[in-house]
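Have a look at the structure below before the remarks.
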There are 4 protein chains.
Amino acid sequence: MTPIQEFFKQEMSRRGDLTSKQKQILEASLTLFAEKGFEKTSTADIAAMAGVAEGTVYRHYKTKRELLLAVLAPLMAVMPNMVAEFDENTVRKPITTLQEFVQNLVRDRLEFLDVNYKEVKVLAGELLFNTDLRREFINSLLSKTEVFSDLTKTLDRLKAEGKVVDWPTDLILQFTLSTLIGFVGRQFIELPSELTKDQREKMTVAFLVKGLTP
Amino acid sequence: MTPIQEFFKQEMSRRGDLTSKQKQILEASLTLFAEKGFEKTSTADIAAMAGVAEGTVYRHYKTKRELLLAVLAPLMAVMPNMVAEFDENTVRKPITTLQEFVQNLVRDRLEFLDVNYKEVKVLAGELLFNTDLRREFINSLLSKTEVFSDLTKTLDRLKAEGKVVDWPTDLILQFTLSTLIGFVGRQFIELPSELTKDQREKMTVAFLVKGLTP
Amino acid sequence: MTPIQEFFKQEMSRRGDLTSKQKQILEASLTLFAEKGFEKTSTADIAAMAGVAEGTVYRHYKTKRELLLAVLAPLMAVMPNMVAEFDENTVRKPITTLQEFVQNLVRDRLEFLDVNYKEVKVLAGELLFNTDLRREFINSLLSKTEVFSDLTKTLDRLKAEGKVVDWPTDLILQFTLSTLIGFVGRQFIELPSELTKDQREKMTVAFLVKGLTP
Amino acid sequence: MTPIQEFFKQEMSRRGDLTSKQKQILEASLTLFAEKGFEKTSTADIAAMAGVAEGTVYRHYKTKRELLLAVLAPLMAVMPNMVAEFDENTVRKPITTLQEFVQNLVRDRLEFLDVNYKEVKVLAGELLFNTDLRREFINSLLSKTEVFSDLTKTLDRLKAEGKVVDWPTDLILQFTLSTLIGFVGRQFIELPSELTKDQREKMTVAFLVKGLTP
DNA sequence: CATGAATGAGGATTCATTCAT
DNA sequence: CATGAATGAATCCTCATTCAT
């Protein structure tokens with residue numbers, strides 16, 4: 001499992017105290033929110049899919065919106081890490097080339113985005129119009145991408161060694177993240193391609209490596 | 001005005017037959033949809049902001065969803081162009097370098113995304129959960145990015161000349177578009193930056209040029 | 001019609017702009033609130049009795065509670081007058097005896113309480129547990145029973161002439177009002193009596209006159 | 001302790017078999033019913049305040065309404081006594097004057113109403129809209145105020161001696177009770193007064209004595 | 001064409017009551 | 001006996017849509 005995915009699982013298991021009903025409810029909510037969007041999902045739908053009574057949903061979550069937040073909470077907690085953390089220990093030797101750096105990042109994050117596709121979709125839809133949540137999300141993001149984050153440190157080192165172009169870290173992250181999102185987004189809209197996913201992943205790495213070379 | 005923006009205006013003016021009330025309704029809808037999202041906007045809200053009676057809205061648009069489609073129609077019509085069209089004539093000499101190519105593309109599209117920010121936001125929200133619209137959107141997109149589109153032709157020429165990496169056109173467009181979207185998205189979430197917008201635009205061009213160089 | 005009843009009608013007609021549907025809704029609400037109490041009356045009940053759709057109720061009154069307030073408003077406006085106003089002009093000569101005073105008061109108020117029985121009942125039920133409304137009610141009551149209210153003036157004159165016991169006005173009003181309420185309350189609980197209503201009314205006047213004589 | 005209060009305590013202690021949980025439940029119910037009204041009090045509220053599980057409430061009382069009746073039962077049992085009983089033994093010599101009669105009555109009942117303020121409030125709210133309970137209440141009241149009740153006997157004696165006006169007993173009780181209720185009600189709505197409670201009590205006695213003098 | 005009152009289906013939420021542990 | 005999770009009917013309220021004026 002990739003490091004980020006690992007983080008996520010830990011976050012989820014922190015909720016080990018969830019009853020089975022709660023899990024069913026969260027699962028159903030996630031699925032339906034991802035499928036039809038939050039607003040178009042009725043609590044009756046959720047109850048039906050979860051196989052519980054509507055009242056049961058409200059016994060565990062005071063409002064529908066609270067249910068949404070519960071669904072998003074693990075992701076909200078991990079997302080900033082996804083942008084800021086970088087686990088050098090998963091590879092034997094420390095990162096010494098841009099190629100290594102990008103490759104690690106891409107593989108790790110792509111899988112995460114892929115596996116947690118539903119959560120990401122729901123979060124995206126919510127961030128689009130929910131100003132409050134957006135603000136909160138950005139703040140937690142900013143608090144993570146500080147100078148001493150793993151990723152920042154690794155990047156700075158590579159910059160110092162002249163292995164990465166000397167642009168602000170946040171811009172580099174922006175390019176990287178948007179390229180990754182583009183990759184996943186493309187799958188999402190199911191655009192056909194003459195290439196395999198692996199080939200596209202390789203080219204994505206190549207694109208980033210070249211783009212970020214000084 | 002940039003070529004894409006030009007297209008858009010033409011698309012809009014094709015609706016020259018719209019009464020002033022209709023324009024008010026569309027304008028109000030766009031604003032509210034972009035602000036709160038489609039589902040959370042009530043037709044009463046729209047009528048109020050447009051300064052017309054609720055019945056009047058329904059005189060012009062049979063359903064609320066039809067109103068959404070009317071709001072998105074111009075963008076839906078132009079978006080594929082944005083990905084496929086490339087107006088070489090706006091510069092005196094034809095494009096001969098990747099640098100020129102990217103620069104033109106970025107300037108043009110960025111301004112468009114910026115100016116039509118609301119439409120794009122509404123469309124994004126809609127594409128996320130509306131499968132039908134998404135399919136339609138993709139189809140029109142595919143039909144545009146055919147081999148004989150301006151952009152494809154220019155790219156192929158540059159590839160032949162060894163000035164652009166030899167990746168499939170759709171992948172190159174994916175990288176380009178996602179980088180642009182990242183640029184705009186960053187503004188959307190109002191992340192602070194130590195750089196000016198101009199500086200960031202220059203670096204974005206540089207990133208793309210390097211990334212797409214063979 | 002008694003003076004107080006007159007006041008009430010004026011208050012009601014101030015709502016001359018009510019549509020017929022609104023009147024039906026208010027009428028039904030009043031009847032049902034008086035019959036079953038506010039909490040036990042459902043908006044569906046009201047709509048059914050008023051012969052309109054449930055949505056129509058909410059078109060006119062934003063919440064069920066607002067509907068309650070609309071029902072009570074005229075009474076809330078007039079009640080304080082009932083305690084404070086005293087129309088000496090309805091009798092040819094000014095009041096010169098306690099007997100005259102009490103007789104006028106009793107006849108007037110009793111009829112009012114009798115005719116507006118439903119409103120009073122609903123108000124009573126509401127004042128019992130709704131602290132806010134109670135406070136508001138008391139305030140408007142206090143603002144009315146100031147030294148220069150008709151009733152206070154008349155009472156003061158009679159006191160000065162030694163025709164009424166020299167107790168604070170508010171206490172005299174308390175005795176009077178509670179005696180009146182007892183009269184009406186007795187009818188409300190439908191206690192049988194060997195006397196006619198007229199006889200009871202006469203004795204009530206006699207009781208008050210004696211009780212308030214110096 | 002006043003005789004009526006004494007009655008009440010006896011009634012309450014008749015429930016000596018109540019477990020402590022039951023007492024907590026009844027206590028919480030009483031408090032909440034008096035505070036917010038029966039309908040607006042949820043069984044969850046009650047359980048929470050009583051410090052027991054919601055199921056425990058239902059183990060002791062089959063329905064919420066039954067709980068209400070249990071809360072009101074002691075008062076329902078004693079209220080009629082309040083109107084009918086008159087304990088001459090608490091004073092050494094038998095009552096010989098109207099003044100003595102009224103004074104005893106007022107002091108006794110006022111304190112009772114004061115101490116059992118919550119119960120009275122809940123009962124009042126219930127009698128207002130609950131026809132069945134009202135009928136039951138009236139019946140038990142009528143059965144008590146029969147010719148041989150203490151109070152009736154004392155009153156008849158005083159009437160025979162020309163010390164009390166010769167009105168029907170029920171009317172005299174009506175006047176007395178409503179005057180007492182007015183006294184207590186005034187405190188309930190927290191009307192300010194320039195007099196002390198003692199002064200008001202004295203004047204209330206005076207008012208009744210004068211009003212009931214032949 | 002424009003209006004806005006009326007509609008009623010549907011949705012979120014509450015809560016008395018039950019029952020397995 | 002006590003518990004508290006589960007239930008689902010009932011309730012308040014919203015809102016897209018219709019239609020008579």
- Query: Checking all strands, does A:Ser20 fall into the base, sugar-phosphate, or nothing category for heavy-atom contacts under 4.0 angstrom?
  - Reply: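 It contacts nothing in the nucleic acid.
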- Message: Using a heavy-atom cut-off of 4.0 Å across all strands, would you classify A:Thr56 as base, sugar-phosphate, or nothing?
- Response: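 Counting heavy atoms under 4.0 Å across all strands, the contact made by A:Thr56 includes a base.
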Please report the distance, rounded to the nearest Å, between [atom1] in [X] and [atom2] in [N].
X	N	atom1	atom2	value
A:Gln24	F:dA6	CD	P	9 Å
A:Lys36	E:dG10	NZ	P	13 Å
C:Lys62	F:dC13	NZ	P	12 Å
A:Glu39	E:dA12	CD	C1'	12 Å
A:Tyr61	F:dA5	OH	P	13 Å
A:Glu54	F:dA5	CD	C1'	17 Å
A:Ile46	E:dT13	CD1	P	10 Å
A:Lys21	F:dG8	NZ	C1'	13 Å

By nearest atom, which of the nucleotides [options] is closest to the [X] side chain?
X	options	answer
C:Tyr58	E:dA16, F:dC12, F:dC1	F:dC12
C:Thr63	F:dT7, E:dA12, F:dC13	F:dC13
C:Ser42	E:dA6, F:dC12, F:dA20	F:dC12
C:Thr43	E:dT17, F:dA6, F:dC12	F:dC12

- 5' priority, DNA chain E, between B:Gly51 and A:Ala44 [closest heavy atom]: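 The answer here is B:Gly51.
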- Between C:His60 and B:Val52, who's closer to the 5' end of DNA chain E by nearest nucleotide?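 First, find each residue's nearest nucleotide; the 5'-ward one identifies B:Val52.
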- Query: In dot-bracket, 5' to 3', how would DNA chain E read with Watson-Crick or G-U wobble pairs under 3.5 Å, [ ] for crossing ones and | for pairs to another strand?
  - Reply: .||||||||||||||||||||
Considering all heavy atoms of both residues, which atom of [X] and which atom of [Y] are nearest to each other, and what is their separation?
X	Y	answer
A:Ile46	A:Ser29	CG2-OG, 3.4 Å
B:Tyr58	B:Thr63	CE2-CA, 4.1 Å
A:Tyr61	A:Gln22	OH-OE1, 3.3 Å

- Item | First of C:Arg65 and A:Arg59 reached from the 5' end of DNA chain F, by closest nucleotide | A:Arg59
- Item | Upstream residue (5' side of DNA chain F) when C:Lys40 and A:Val57 are each assigned their closest nucleotide | A:Val57
- Does A:Glu126 come within less than 4.0 Å of A:Arg65, counting only side-chain N to carboxylate O? yes
- Would you check if there is a donor-acceptor pair between the side chains of D:Lys21 and D:Thr56 at a distance under 3.5 Å?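 There is no such pair between these side chains.
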- Think A:Lys64 has a side-chain N or O under 4.0 angstrom from the OP1 or OP2 of E:dT14?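 For E:dT14, OP1/OP2 do not have a side-chain N/O of A:Lys64 under 4.0 Å.
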- Item | Cation-pi check, D:Arg134 onto C:Phe188 ring (under 6.0 Å, within 45° of axis) |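 Output yes; distance and angle both within limits.
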- Who are the side chain to side chain donor-acceptor pair (under 3.5 Å) partners of C:Ser42, not counting sequence neighbours?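 For C:Ser42 the side chain to side chain donor-acceptor pair (under 3.5 Å) partners, ignoring immediate neighbours, are C:Asp45.
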- Step by step, work out the side chain to side chain contact (heavy atoms under 4.5 Å, CB included) result for D:Arg135 and C:Ile189. CA-CA 8 Å; D:Arg135 193 160 14 241; C:Ile189 60 174; over 6 Å; no
